[in-house]
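The next block holds one structure in the form of structure tokens; read it before the comments.
Each ligand, and each atom within it, is numbered from 1 in the order the structure gives. The model shown is predicted, which means the values in this text are computed figures rather than measured ones.
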Amino acid sequence: MDESVTRAAEAIRAGRLVAMPTETVYGLAADATNVEAVLTIFSAKGRPTFDPLIVHVADVAQAWTVAAPSARAKKLATRFWPGPLTLVLPRRDIVPDAVTSGLDTVAVRCPDHPMALGLLRACGKPLAAPSANKFGRISPTTAAHVREQFGDELLVLDGGPCRVGIESTVLVCDPTPTILRPGGTTKEAIEAALGESVAIVDAQTYARKLAPEAPGMLAKHYAPRKPLRLKQPGELWPHDSTCGYLSFNGFGVPKSARWVEILSPASDLREAAKNLFSSMRRLDAGEAMTLIAELVPDRDLGLGINDRLRRAAGILG
Ligand code: TXA
Ligand code: MG
């Protein structure tokens with residue numbers, strides 16, 4: 001076992017926070033059964049305590065110690081774990097209110113990253129972990145991103161750049177399978193595994209009616225500091241020397257543009273997802289005064305990418 005993982009496991013058992021790599025984004029982890037430790041996550045992030053956390057587990061067996069599975073949940077866990085799918089299920093008593101914000105459900109997933117799994121096994125605890133960024137800001141996909149926001153005080157496990165690059169898909173299993181947040185596991189793949197169709201809660205409706213239940217659905221998340229607007233369908237890229245361009249494949253971006261990020265020259269949605277947050281950060285850190293981004297095709301990982309882009313622009317749906 002990597003020595004840094006052993007040290008991180010000791011820190012977790014002592015009630016401290018650890019930043020851990022996952023396949024989606026880096027997480028800010030604490031022992032999910034330790035209320036004090038969980039509350040530290042909220043204060044470190046500046047996150048309101050009504051926004052519930054995801055509980056990470058080492059395997060399917062540990063998942064059912066924190067959540068009560070249904071037939072659907074068992075099928076999905078077998079098919080997709082470890083992987084970027086979070087299941088919202090009835091919670092068990094071992095999970096404190098601090099994790100679920102008092103809801104009677106808990107969000108649970110098994111991450112597909114050797115260091116996260118190593119940490120989970122070494123500490124023997126389920127780990128509550130939101131993305132390791134300050135509340136509302138861009139999620140971290142490298143250890144350096146985490147250090148930029150939290151400094152050297154925090155123990156950061158460096159597992160390299162995240163393979164998926166956007167957060168897990170959050171799915172309510174029952175009574176109707178419903179995606180609350182599109183992410184690293186596609187709707188198409190979930191539907192194929194279940195053999196039934198899956199709903200996506202319209203973000204606008206959800207935010208208005210149920211925001212306190214999943215404020216990750218609120219606008220102005222994953223946001224750069226600079227104003228970012230979305231290019232409208234059919235609109236040409238503007239010619240603006242003060243603007244930073246976030247393009248899917250580079251098509252049509254003016255030659256005169258000075259700050260350009262291309263998510264995938266080959267128009268590959270996986271590559272685009274992997275690059276999304278790093279590209280946003282580079283544009284935000286650079287000299288452009290405003291940012292403009294285009295949406296990507298609305299299928300597969302494109303649903304998650306477009307969701308993040310809309311939130312970065314401060315608009316829903
Ligand atoms: O990929 C990911 O999911 C990353 C890595 C670290 O695992 N984590 C992550 O956590 O994105 P966070 O806290 O940034 O987003 C968790 C989302 C929020 O939208 C939250 O509202 C929702 O999950 N959530 C958590 N518990 C819930 C529950 N019981 N019911 C409905 N939504 C819930
Ligand atoms: Mg987050």
Checklist line | For Trp64, all residues meeting ring pair (Phe, Tyr, Trp, His ring centres under 6.0 Å), sequence neighbours excluded | finding: Trp81

Check: For Thr22 and Thr24, does a side-chain donor sit closer than 3.5 Å to a side-chain acceptor?
Finding: yes

Notebook entry, point to check: Would one find an N or O of Ser168, backbone or side chain, under 3.5 Å from an N or O of ligand 1?
Noted result: yes

Note to self: Please check whether Glu167 reaches ligand 1 - meaning an N/O of the residue sits under 3.5 Å from an N/O of the ligand, judged on distance alone.
What the structure shows: no

Check: Counting distance only, does the side-chain N/O of Asp284 pair as donor-acceptor with the main-chain N or O of Lys226 below 3.5 Å?
Finding: yes

Item checked: Identified side-chain contact (heavy atoms from CB on, under 4.5 Å) partner of Leu17 from the options Ile12, Asp31, Leu155, Leu28 -> Leu28

Report, in ascending order of atom number, the atoms of ligand 1 lying under 4.0 Å from any heavy atom of [X].
X	value
Ser131	8 (N), 9 (C), 10 (O), 12 (P), 14 (O)
Leu103	28 (C), 29 (N), 30 (N)
Thr24	1 (O), 2 (C), 4 (C), 5 (C)
Asp51	20 (C), 21 (O)
Leu180	31 (C), 32 (N)

Applying a heavy-atom cut-off of 4.0 Å, say which part of [X] lies close to ligand 1: side chain, backbone, both or neither.
X	answer
Thr105	both
His56	side chain
Thr100	neither

Rounded to the nearest 0.5 Å, how far does [atom2] of [Y] lie from [atom1] of [X]?
X	Y	atom1	atom2	result
Phe277	Glu167	CZ	CD	4.0 Å
Ser247	Lys231	OG	NZ	8.0 Å
Ile179	Leu171	CD1	CG	6.0 Å

Next item on the list: Tell me, please: is Met20 in heavy-atom contact with ligand 1, that is, under 4.0 Å?
Entry: no

Checklist line | Contact with ligand 1 for Arg47, non-hydrogen, under 4.0 angstrom | finding: yes

Margin query: Before you tell me yes or no, could you show the steps for Trp259 and Tyr245 under ring pair (Phe, Tyr, Trp, His ring centres under 6.0 Å), namely the whole-Å CA-CA distance, both residues' side-chain angles and the distance that decides it to 0.1 Å?
Written below: CA-CA 6 Å; Trp259 301 287; Tyr245 296 76; 9.1 Å; no

Next item on the list: With atom 8 (N) of ligand 1 as the reference point, say which of Ala129, Gly27, Ala128 has the nearest heavy atom.
Entry: Ala129

Note to self: If you take the nearest heavy atom of each of Val170, Leu171, Val88, which one is closest to atom 30 (N) of ligand 1?
What the structure shows: Val88

Notebook entry, point to check: Is Ile94 reachable from Val108 through a run of hydrophobic residues whose side-chain heavy atoms are each under 4.5 Å from the next?
Noted result: yes

Margin query: Hydrophobic clusters here meaning ILVMFWY residues chained together by side-chain heavy-atom distances under 4.5 Å, can you tell me if Ile200 and Leu85 are in one?
Written below: yes

Checklist line | Under 2.8 Å: N/O/S of Ser131 next to the Mg ion (ligand 2) | finding: yes

